*Asks:* 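Quick one: the structure is below, questions incoming.
FYI, side chains are in, hydrogens and waters are out, and symmetry mates aren't considered; it's all heavy atoms of this structure. For clarity, every value in this text was computed on a predicted model and none was experimentally measured.
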Amino acid sequence: MRSLVVSSLCLAVLLAGWGAFHYVSAEKSDEYITEIREVMIPAVQAEDWETAQKSFKEFGRDWHRYKKAAAYFFDTTALNEADYSIARAEEFIKAKDPSNSAGELAALREQFKFLHRNESISMGNIF
């Protein structure tokens, strides 16, 4: 009986931890999507490179902190694809290329939408 109780408690701790991360992840994804849509893309389209670079630098720092925890819960391939898009967008912004910067940021925005959705508990993801 003691083994059942210990196993149940361990399972409860794991599920509570995953549930808390799922909630934080949803908020982070929404924050990233909003930042890209409302700050970065408009700055790139207006060719306000100083604002775009500043916003993207803060975004990159926050992403790398978040990614350390996300690596335990999300598919590594999806995280790496987001990293690749971030690296490309950063270089396009540094090169002051408005069309490629905006395009890569839009792609990154969509990746964040799918990153959280694909790791959520749903019937489609379970089966």
Side-chain angles (χ1 to χ4, degrees):
M1 183 67 173
R2 186 176 14 192
S3 296
L4 177 63
V5 171
V6 170
S7 297
S8 297
L9 287 175
C10 289
L11 181 61
V13 167
L14 287 173
L15 289 175
W18 184 89
F21 179 78
H22 182 72
Y23 176 77
V24 169
S25 175
E27 287 190 354
K28 275 294 185 187
S29 293
D30 290 342
E31 178 185 320
Y32 292 152
I33 290 165
T34 302
E35 180 76 14
I36 291 169
R37 184 182 61 239
E38 295 178 3
V39 178
M40 288 186 235
I41 290 177
V44 164
Q45 290 173 338
E47 296 190 30
D48 181 2
W49 299 111
E50 185 176 319
T51 301
Q53 287 177 341
K54 180 182 174 194
S55 178
F56 197 80
K57 188 174 184 178
E58 292 172 14
F59 166 79
R61 271 192 244 123
D62 190 44
W63 163 251
H64 287 294
R65 278 192 305 257
Y66 169 73
K67 187 179 80 167
K68 290 176 185 174
Y72 292 105
F73 298 96
F74 288 157
D75 179 32
T76 305
T77 304
L79 293 175
N80 288 341
E81 287 176 10
D83 268 341
Y84 300 148
S85 288
I86 289 170
R88 283 191 300 267
E90 182 178 21
E91 291 305 314
F92 287 139
I93 290 171
K94 282 181 186 176
K96 299 180 180 178
D97 183 344
S99 63
N100 283 329
S101 297
E104 198 61 48
L105 287 170
L108 186 59
R109 182 185 64 214
E110 293 301 312
Q111 282 179 324
F112 282 121
K113 285 180 186 177
F114 291 120
L115 180 66
H116 180 70
R117 188 179 304 146
N118 288 341
E119 298 299 328
S120 297
I121 292 181
S122 67
M123 294 306 283
N125 288 341
I126 293 173
F127 296 107

*Asks:* Give, for atom CG of L15 and atom SG of C10, the distance between the pair rounded to the nearest 0.5 Å.
*Replies:*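 These two atoms lie 11.0 Å from each other.
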*Asks:* R88 and S85: which non-hydrogen atoms are nearest, and at how many Å?
*Replies:*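 Scanning both residues completely, I find the closest heavy atoms to be NH2-OG, 3.2 Å.
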*Asks:* Distance from D83 atom CG to E81 atom CD, nearest 0.5 Å?
*Replies:*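 That separation rounds to 10.5 Å.
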*Asks:* Linking I/L/V/M/F/W/Y whenever their side-chain heavy atoms sit closer than 4.5 Å, directly or via other members, would F92 and F56 fall into one cluster?
*Replies:*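 Not linked; separate clusters.
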*Asks:* So, taking the atom named CZ in F74 and the one named CG in N80, what distance separates them when rounded to the nearest 0.5 Å?
*Replies:*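 Output value for this atom pair is 14.0 Å.
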*Asks:* Would a hydrophobic clustering, with Ile, Leu, Val, Met, Phe, Trp and Tyr connected at side-chain separations under 4.5 Å, put W63 with Y72?
*Replies:*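 Same hydrophobic cluster.
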*Asks:* In Å and rounded to the nearest 0.5 Å, what is the NZ to OG1 distance from K67 to T76?
*Replies:*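 These two atoms lie 9.5 Å from each other.
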*Asks:* Quick check: do M40 and L108 have side-chain heavy atoms less than 4.5 Å from each other?
*Replies:*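 A side-chain contact is absent here, since even the closest heavy-atom pair is not under 4.5 Å.
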*Asks:* Are the charged groups of K94 and E91 less than 4.0 angstrom apart, N to O?
*Replies:*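 Counted as a salt bridge, because a side-chain N and a carboxylate O are separated by less than 4.0 Å.
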*Asks:* If you measure from CD on Q111 to CD on E104, what distance do you get to the nearest 0.5 Å?
*Replies:*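 Between atom CD of Q111 and atom CD of E104 there are 7.5 Å.
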*Asks:* Do V39 and V44 share a hydrophobic cluster, counting only Ile, Leu, Val, Met, Phe, Trp and Tyr and linking them when any side-chain heavy atoms are less than 4.5 Å apart?
*Replies:*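 No, separate clusters.
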*Asks:* Heavy atoms, side chains only, cut-off 4.5 Å: are E35 and D62 in contact?
*Replies:*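 No, every pair of side-chain atoms sits at 4.5 Å or beyond.
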*Asks:* Students often mix this up, so state it plainly: with edges at 30° and 60°, are the rings of Y32 and F112 parallel, tilted or perpendicular?
*Replies:*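 Judged by the thresholds at 30° and 60°, the geometry between Y32 and F112 is tilted.
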*Asks:* Do you know the tightest heavy-atom contact between I93 and W49?
*Replies:*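 So the minimum-distance heavy-atom pair works out to O-CE3, 3.7 Å.
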*Asks:* About how many Å separate CG of L9 and CG of L14, when rounded to the nearest 0.5 Å?
*Replies:*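 Answer for the CG-CG pair, L14 versus L9, is 11.0 Å.
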*Asks:* Hey, is the main chain of S3 close enough, under 3.5 Å, to the side chain of S7 for a donor-acceptor pair?
*Replies:*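 Such a contact is found between S7 side chain and S3 backbone.
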*Asks:* Where do I41 and A106 come nearest, in terms of heavy atoms and distance?
*Replies:*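 Closest heavy-atom pair between I41 and A106: CD1-N, 4.0 Å.
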